[in-house]
Amino acid sequence: MPRLIVVSNRVSAPVDPAAGSAGGLAMALSAALKAYDGLWFGWSGETVETFTGEPKFEDRAGVQVALVDLEAQDVDEYYNGYANKTLWPLFHHRVDLTAYERSYGEGYERVNRRFAEVLAPLIQPDDLIWVHDYHLIPIARDLRRLGINNRIGFFLHTPWPVRQLLVTLPHHRRLVESMFAYDLIGFHTEEWLDLFRDYVVSEARGEIDGLGGLECFGRKVQTGVFPIGIDVDAFTAARDSREGVRTYDRMAASAAFRSMMVGVDRLDYSKGLEERMLGYEQFLHDNADMRGGVFLVQVTPISRDDVDTYQDMRARLDATAGRINGEFADMDWQPIRYLNRSYRRDQLAGIYRAARVGLVTPLRDGMNLVAKEYVAAQNPEDPGVLILSRFAGAAEQMGEALLVNPFSREELSEAIHKALTMPLEERIRKWQALMQVVRDTDVSIWRDAYVKALNALPVGETDDAPFHRDGRADAA
Ligand code: ADQ
């Protein structure tokens, strides 16, 4: 087996896997790195006065990691800037929030180059290199310029934007051209891959070979759909653990025979939190007879506090939750419990299990793992109902959920009503179909399928690729 090098902005290899707080993705990649005797490379999260280019090596619960410190300006322009204020909103179709600052683009290019320069000497001839997410799109081009001919794969965790919006990005062509330095590009869904193809064919005049291959900028790249999932066994074990059961009991007792609905999301405008609360408010207006019999637990830890947009959103959500509670609450009932904190995975599993309805209503989302966690946590004999946005990547596989347009309050209100009144037989039938999907897309299946596809590609294809030799991308 070749060695695997995982490259991502942050290295989330767990220090102590038993602590149970590491996400499924971190656990899956850690397991892969142990199996392939690999290395996880990325930013340490630390800043230094002057960039040294010296990686720090650590062993994290059996996983070798190599960490790089960045200068404050790097973090500002590359991470807070281009990644979080340019690409993230653009890829989630929020052109109104997308900042196009020249310094951000320069910082992004500089940090990718710096990462490539530190990483290149660590690469051995047969290593497979697997790059994750939008922070590091151009790194393969920079590695090629440094003479790295290994197989390099890229996986995008977010959606790919429609061509008409992508072209609002200055130097969009340069960004896409840099992707042709990879050997394999993976997306969560057919839809994101179709949108990528559309840009390549319609904007850059590339060609499709019908077998997942794309030819453009004088280079060929293989593409594929690899839907990510959760670690089902680990998640169900967390659900059945002492803490999982204890949390379930606590939630069930506090529900006092009322139907609980749950939303679990990072504080991000892509998650549709305000729209969800407004849909619930509509439901309370539409169904006066059901008020008092239902409540929403919204779990949203605060993150990315340094970005103004997130502070505004937080203020708006606080106000919306407060207004709905103020308007509808009674002496013994509050319609929304808005919890601004993070929970351990076992506690989260217990919370999901206690909820009759799972509300997963992002406005746009690469996949959305909360939808899969909610399903995996359910009691097979009395399962809850998943309400899922049609704009989450997960909707492509989870068609048995109640699919909704999260921009429509009426649709949300009707779906909540339908979920709360759904007969047991129908709930079980839907849940069984959804649980099958959750199992079929287990994170280990995702990981192994990707690594296998990358490993199966021929090496040395770069010989006829002028891109790698003369750095033609610079001219774009
Ligand atoms: P995210 O946007 O972070 O990921 P998601 O897939 O929903 O979105 O994953 C969030 C994870 O964080 C889940 O495992 C969830 O349990 C956890 N989480 C959220 N709130 C929490 C809380 N309060 N306490 C503890 N844990 C919490 C990006 C993309 C997604 C894509 C994933 C994986 O935006 O579309 O599905 O990567 O590729």
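Count residues from 1 along the sequence.
A 4.5 Å side-chain heavy-atom check between E46 and K56 finds at least one atom pair inside the cut-off. At a threshold of 4.5 Å between non-hydrogen side-chain atoms, the residues Y36 and V451 count as touching.
The cationic group of R114 lies under 6.0 Å from the six-membered ring centre of F51 and within 45° of the ring axis, placing it in a cation-pi geometry.
The side chain to side chain contact (heavy atoms under 4.5 Å, CB included) with Y269 is formed by just one residue from the set D312, L97, D96; it is L97. Considering Y79, W43, Y78 as possible partners of N9, the one that fulfils the side-chain hydrogen bond (donor to acceptor under 3.5 Å, both in side chains) test is Y78.
Checked against the 6.0 Å centroid threshold, W446 and F226 do not count as a close aromatic pair.
Within a 6.0 Å sphere centred on CD of E207, heavy atoms belonging to other residues, nucleotides or ligands number 12 at most. Environment of CZ in R3: crowded, with over 12 heavy atoms of neighbouring residues, nucleotides or ligands closer than 6.0 Å. For D126, the CG atom sits in a loose shell: 12 or fewer heavy atoms of surrounding residues, nucleotides or ligands are nearer than 6.0 Å.
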Set out, in order, the CA-CA distance, both residues' side-chain angles and the distance that settles ring pair (Phe, Tyr, Trp, His ring centres under 6.0 Å) for Y199 and H172, then state yes or no. CA-CA 10 Å; Y199 177 96; H172 52 87; 5.7 Å; yes
Apply the test salt bridge (charged side-chain N to carboxylate O under 4.0 Å, His left out) to residues R429 and E400: give CA-CA distance (whole Å), side-chain angles for both, the deciding distance (0.1 Å), then the verdict. CA-CA 9 Å; R429 186 181 55 71; E400 280 296 326; 3.5 Å; yes
Test salt bridge (charged side-chain N to carboxylate O under 4.0 Å, His left out) on R144 and D183; report intermediate values, then the result. CA-CA 11 Å; R144 299 292 186 210; D183 295 293; 2.9 Å; yes
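Pairing each heavy atom of K271 with each of R276, the nearest pair is O-NH2, 3.4 Å. When all heavy atoms of R447 and A32 are compared, the pair lying nearest together is CD-CB, 3.2 Å. The two residues N84 and W88 make their nearest non-hydrogen contact at O-CB, 3.8 Å.
Ion pairing of R345 with E373 is present here, as a side-chain N (NZ or NE/NH1/NH2) and a carboxylate O approach within less than 4.0 Å. Contact check on D198 versus R163 returns a salt bridge, with a Lys/Arg side-chain nitrogen under 4.0 Å from an Asp/Glu carboxylate oxygen. The residues R151 and D127 are annotated as not salt-bridged, no charged nitrogen and carboxylate oxygen being separated by less than 4.0 angstrom. Salt bridge status for K85 with E101: absent, with no side-chain N to carboxylate O gap under 4.0 Å.
In this structure, OH in Y352 is found 4.0 Å from CG in L348, a value given to the nearest 0.5 Å. The line from CZ of F155 to CG of D133 is 8.5 Å long, rounded to the nearest 0.5 Å.
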